[in-house]
Engineer: 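Handing you this structure, nothing more for now.
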Amino acid sequence: MDRYAVIGNPIAHSKSPRIHALFAAQTAQALSYEALLGPLGAFAATVDAFRAAGGRGLNVTVPFKLDAFAYATRRTPRAEAAGAVNTLAFGPDEVLGDNTDGAGLLRDITVNLGCPLTGRRVLLLGAGGAARGSLLPLLLTEPARLVVANRSSAKAVALAAEFARLPSCAVAVKPEGCGFADLAGAQFDVVINATSASLGDAAPDLPDGLYAPGSLAYDMMYGKGDTPFLAAARAQGAGRLADGLGMLVEQAAESFALWRGVRPDTAPVLAALRAG
Ligand code: NDP
């Protein structure tokens with residue numbers, strides 16, 4: 001049976017084994033999928049051992065996405081743009097590195113939530129790996145405006161400047177970068193939280209009045225009930241709220257499709273996860 005796994009540290013609470021088991025059952029693919037605890041500082045050795053034992057592919061999560069980028073012998077353009085790899089596929093002659101996080105985010109927002117981004121004012125909060133991986137897919141939807149804001153404003157300014165240098169034939173919209181305080185007076189149709197503030201049970205310190213009527217507040221984090229970011233967005237008048245569980249399932253489906261050549265139906269899997 002073909003072996004797959006998710007590697008991270010910590011990894012015990014990962015939902016990926018359950019998601020991929022549901023995908024495999026639905027598509028009648030004979031495969032196994034496990035959670036692999038990667039010792040810090042020993043990513044490559046752990047992956048080498050997994051491959052030697054018949055591993056065909058890996059999902060990669062915190063803190064190994066940069067190690068996976070370096071491990072790949074070939075990378076997809078979206079992995080190059082993200083500067084990080086969350087999916088490895090092991091072939092006879094190469095290790096392909098991909099990044100499916102941004103595509104998963106886009107699919108969750110535009111398909112599952114039915115919220116188009118084209119022509120909308122989009123605010124992306126954060127300038128870490130998740131924000132970087134989402135920038136190119138977001139730009140390609142041609143929003144009216146895309147602002148990247150971060151607690152340390154210099155990181156957002158640098159990230160936006162990097163993507164603003166892409167040729168305008170490839171990407172028509174130039175992202176803008178700033179700090180949270182610089183957002184005062186601006187309004188957005190979609191606000192995406194790609195900070196890890198919710199992990200520390202906090203919400204980013206944002207000015208009031210950011211949410212346009214009917215706007216979507218989206219937190220890449222997920223959990224039971226509102227995350228701190230979603231609770232703050234609700235209080236500030238966001239029209240719709242969504243957490244990142246759909247993104248998790250959609251990025252997994254992209255990885256599954258890359259490995260197996262068949263795209264699972266994500267709706268029943270997301271419903272099963274929401275049911276507990
Ligand atoms: P990084 O560590 O790379 O980046 C963290 C970012 O959060 C930085 O921009 C940092 O700002 C900011 N930040 C941290 N604490 C606070 C705070 N208290 N207030 C404001 N900003 C803060 O993390 P990732 O980019 O890898 O992940 C970000 C989030 O996205 C995580 O919660 C992760 O779980 C989630 N995620 C979800 C996925 C899904 O499938 N649903 C997939 C990938 C990620 P500064 O630069 O100032 O330190």
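Only this structure's heavy atoms are used, side chains among them; waters, hydrogens and symmetry mates stay out. Residue numbers run from 1 in the order of the sequence given. Both counts, for ligands and for their atoms, begin at 1 and track the order of listing.
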Engineer: Just by distance, with hydrogens left out, do Tyr4 and Asn59 show a side-chain donor and acceptor under 3.5 Å apart?
Structural biologist: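 There is no such pair between these side chains.
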
Engineer: Check residues 34-46 and write down every donor-acceptor pair under 3.5 Å in which the side-chain atom is one partner and the other belongs to a residue at least two apart or another chain.
Structural biologist:
from, atom 1, to, atom 2, distance (Å)
Glu34, OE1, Arg3, NE, 3.2
Glu34, OE1, Arg3, NH2, 3.1
Glu34, OE2, Arg3, NH2, 2.9
Thr46, OG1, Ala42, O, 2.6

Engineer: Show me, pair by pair, the donor-acceptor contacts under 3.5 angstrom made by side chains of residues 223-239, not counting sequence neighbours?
Structural biologist:
from, atom 1, to, atom 2, distance (Å)
Asp226, OD1, Arg234, NH2, 3.2
Asp226, OD2, Arg234, NE, 2.8
Asp226, OD2, Arg234, NH2, 3.0
Thr227, OG1, Asp219, OD2, 2.6
Thr227, OG1, Leu230, N, 3.2

Engineer: Going by atom types alone, do Asp243 and Tyr218 pair a side-chain donor with an acceptor below 3.5 Å?
Structural biologist: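 No, because no side-chain N or O of Asp243 sits under 3.5 Å from a partner of the opposite role on Tyr218.
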
Engineer: Could you pull out every protein residue that has a heavy atom closer than 4.0 Å to ligand 1, ordered by chain and then number?
Structural biologist: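 Under the 4.0 Å cut-off, ligand 1 touches Lys65, Asp101, Gly126, Ala127, Gly128, Gly129, Ala130, Asn150, Arg151, Ser152, Lys155, Phe180, Ala194, Thr195, Ser196, Ala197, Met220, Met221, Tyr222, Gly244, Met247, Leu248.
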
Engineer: Would you give me the side-chain donor-acceptor pairs under 3.5 Å for residues 262-271, sequence neighbours excluded?
Structural biologist:
from, atom 1, to, atom 2, distance (Å)
Arg263, NH2, Glu254, OE2, 2.4
Asp265, OD1, Ala267, N, 3.3
Thr266, OG1, Glu250, OE2, 2.7

Engineer: Verify whether one side chain among Ser153 and Asp182 offers a donor that lies under 3.5 Å from an acceptor in the other.
Structural biologist: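 No, Asp182 and Ser153 have no side-chain donor paired with an acceptor closer than 3.5 Å.
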
